Amino acid sequence: KRAAMAEIKRQNRLKKEEGGEGAAGENPKADGAGAGGKGGTAGKGGGEASVPPLLSKKKSSALPARPTGFFGRIKYAFLWVRTLIFAPIGSYKQSNTYAAMIQTVMLLVEWVLCSVIINKIAYTEIDWKAYMQEVEGWLSGVTDYSQLKGDTGPLVYPAGFLYVFAALRFACQNGYRIRVAQYHFMYIYIFVQGAVLMIYKQTKRMPPLAMVLIMLSKRMHSIFVLRLFNDCIAIAFVYVAICYFCFRRWRTGCLFFSLAVSIKMNILLYAPGLLLLLLEDNSLFETFICLSICASVQLALAYPFLSTFPVEYFKGAFDLGRVFMFKWTVNFKFLPEEVFVSKALAMVLLGCTVVGMLAFVSKWRKGTRRVRAAVAKFRKDNADLKNPDVDPRIFVMSPDYIVATLFTSNFIGIVFARSLHYQFYSWYFHQLPYLAWFAGFHWAVSIALIAAVEVAYNVFPATAQSSLVLQAVHLIFLVGIFAAKVPCPFEARENPILKRRKKRTKKPIGPELPPDIELPPFDEAVSDDGAPEPAAPKSGKAKKDD
């Protein structure tokens, strides 16, 4: 927008120098209206804004006009490359096209790379055989969870795990064709990558550089295509749920979220953030419906076990007091083993998790209090859709706020987890680039922190030094997240009801909106406590956009 306005002023200046006064019809008031309100005045009683023709026809570009000359072209090429790498997707006109190209290339590269890994690197047996043994026990008619066991011990996953791995067992000839199972997990991995890239794109915060980072992990390729852990399937379901949440499809998202929980219990770390979002964006009744969907999925999948041995099922599938083996821990190897297995450490970590969640909720609510009050007043003032002066915009929860809330909730639980194993890296690896950019770290610092986490997970067996590095990076991320500004919880869009009515009646309703212009949110001011404070959008008499 600023680039387009600068181009208009430059053209006017040239025409005035040639003697053609008034050729471009420049008007400071029209400028203010077009820049501040993007073609419409908010609230009641505002007149229509005069929008420059260039703004009403197409979006502006992040790049300046193409220069001439050798050095000018070199500078333009440098700016183009810098914009392509560092500019957030959605911040300029061509970004979506570039993002689609980058995503396509990334997924093709991942497909080739995973195929090479499967064919060139030997498979490592860890849990697959135990999974098949537990599924075989269930298929033989055993519904007592305490009797479902494998080589690694008793079954400790909810009922959805059995359904998924029973299907994989059937597809892999009773689990004996490991190579087929590896290819199934390869496609799950590519699907997860695509879902994460879609989430990144919706937030309009992530540059292409951050997208590339999620394909550079040696440990993640190993977890998916060489180890075949059930964590991979659980996070696939949860990222599908987050995609639906970004579009505010809460019921469908809760369905997939509950399916993810039914495969592995760690998905419950998202629950505090999800509950906060449901209460903020829905009525109490709608929140109850969404929670009922989550509970219904769990009850339906677990019915064969709940109807026969309910106590054994809950004790096995949702055992919160389980003590992990010290030799497999990645995050607390610097502690003595007797301290690691002690109940005191478990209670301290649980208390830190609860305090962290409460602090997170308090910061989120306090940081968006005034914005919510302004949006509530806007909705009340524009509730009558039959009013000819009604504002044609609505404010909906922004995907950036949704993703930040869910990722932060999950990360707090991971930082204070009693034990992290190597496969647990999949719980949050794809979220680290987003959290780094959300925390406001410099891109070089972000890459260094993510690389440090990757190195810590690639040290086998884990050492005291690798665990200290991992926990230190976790704490840096946590401090950065809590120090960052809470994202704006709303974004403006055209009211679909008014849009359909205008299309049907072919008559303007409310202040006209120019075509192809993104609707503006409230202008943000900073309150005393650092929270973003909304103000009414600028009208035609407002100051010119700087």
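Because the structure is a prediction, the values reported are computed rather than measured. What you see below is based on every heavy atom in this structure, not just the backbone, and it leaves out hydrogens, waters and symmetry mates.
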Give the ring-plane orientation class for Y200 versus Y434, where under 30° counts as parallel, over 60° as perpendicular and anything between as tilted. parallel
Please assess H474 against F416 for the test ring pair (Phe, Tyr, Trp, His ring centres under 6.0 Å), listing each intermediate value before the final yes or no. CA-CA 9 Å; H474 283 174; F416 300 112; 9.8 Å; no
What pairs of residues pass the salt bridge (Lys or Arg N to Asp or Glu O under 4.0 Å) test when at least one of them lies in residues 399-412, not counting sequence neighbours? R205-D400
Any V453 side-chain heavy atom under 4.5 Å of Y425 side chain: yes
Can you tell me which residue among D231, I235, V164 is in a side-chain contact (heavy atoms from CB on, under 4.5 Å) with I263? V164
With sequence neighbours left out, write down each residue that passes ring pair (Phe, Tyr, Trp, His ring centres under 6.0 Å) with F482, or none if nothing qualifies. none
State, yes or no, whether a side-chain contact exists between V196 and Q431 at a heavy-atom distance under 4.5 Å. no
Without placing hydrogens or testing angles, list every side-chain donor-acceptor pair under 3.5 Å for residues 443-452, not counting sequence neighbours.
residue: S446; atom: OG; partner: H442; partner atom: O; Å: 3.1

Taking every non-hydrogen atom, the tightest pair across A87 and P208: O-CD, 3.4 Å
Check the pair F441, W437 against ring pair (Phe, Tyr, Trp, His ring centres under 6.0 Å), reporting the backbone distance first and the verdict last. CA-CA 6 Å; F441 299 137; W437 262 261; 9.5 Å; no
Roughly how far apart are I102 CD1 and I85 CD1, rounded to 0.5 Å? 8.5 Å
Please find the pair of heavy atoms, one from S258 and one from V297, that lie closest to each other, and give the distance. OG-CB, 3.3 Å
Have Y401 and E280 got a donor and an acceptor in their side chains that come within less than 3.5 Å? yes
When rounded to the nearest 0.5 Å, the distance separating CZ of F407 from OH of Y270 is 6.5 Å
Could you check whether any side-chain heavy atom of S262 comes within less than 4.5 Å of a side-chain heavy atom of Q298, counting everything from C-beta outward? yes
Do P433 and I214 have side-chain heavy atoms sitting under 4.5 Å apart? yes
The ring pair (Phe, Tyr, Trp, His ring centres under 6.0 Å) partners of F424 (sequence neighbours excluded) come to H421, W427
Can you find a pair of side-chain heavy atoms, one from R365 and one from R372, that are under 4.5 Å apart? yes
With sequence neighbours excluded, residues passing side-chain contact (heavy atoms from CB on, under 4.5 Å) with C243: A195, M198, I199
Would you name the heavy atoms of I188 and C232 that are closest together and state the gap between them? CG2-O, 4.1 Å
Minimum-distance pair of heavy atoms, taken over all atoms of T353 and I412: O-CG2, 4.2 Å
Which label fits H430 and Y189: parallel for a plane angle under 30°, tilted from 30 to 60°, or perpendicular past 60°? tilted
Within the side chain of N331, is there an N or O that forms a donor-acceptor pair under 3.5 Å with the backbone of A417? yes
d(F245 CZ, L274 CG) to nearest 0.5 Å is 4.5 Å
Kindly indicate whether the side chain of I89, heavy atoms from C-beta on, has any atom under 4.5 Å from the side chain of M211. yes
Side chains of M357 and S409: does their closest heavy-atom pair fall under 4.5 Å? yes
Hey, does V396 have a side-chain heavy atom less than 4.5 Å from the side chain of F490? no
Side chain T408, main chain T405, donor-acceptor under 3.5 Å: no
By side-chain hydrogen bond (donor to acceptor under 3.5 Å, both in side chains) - contacts of R249 (at least two apart): none
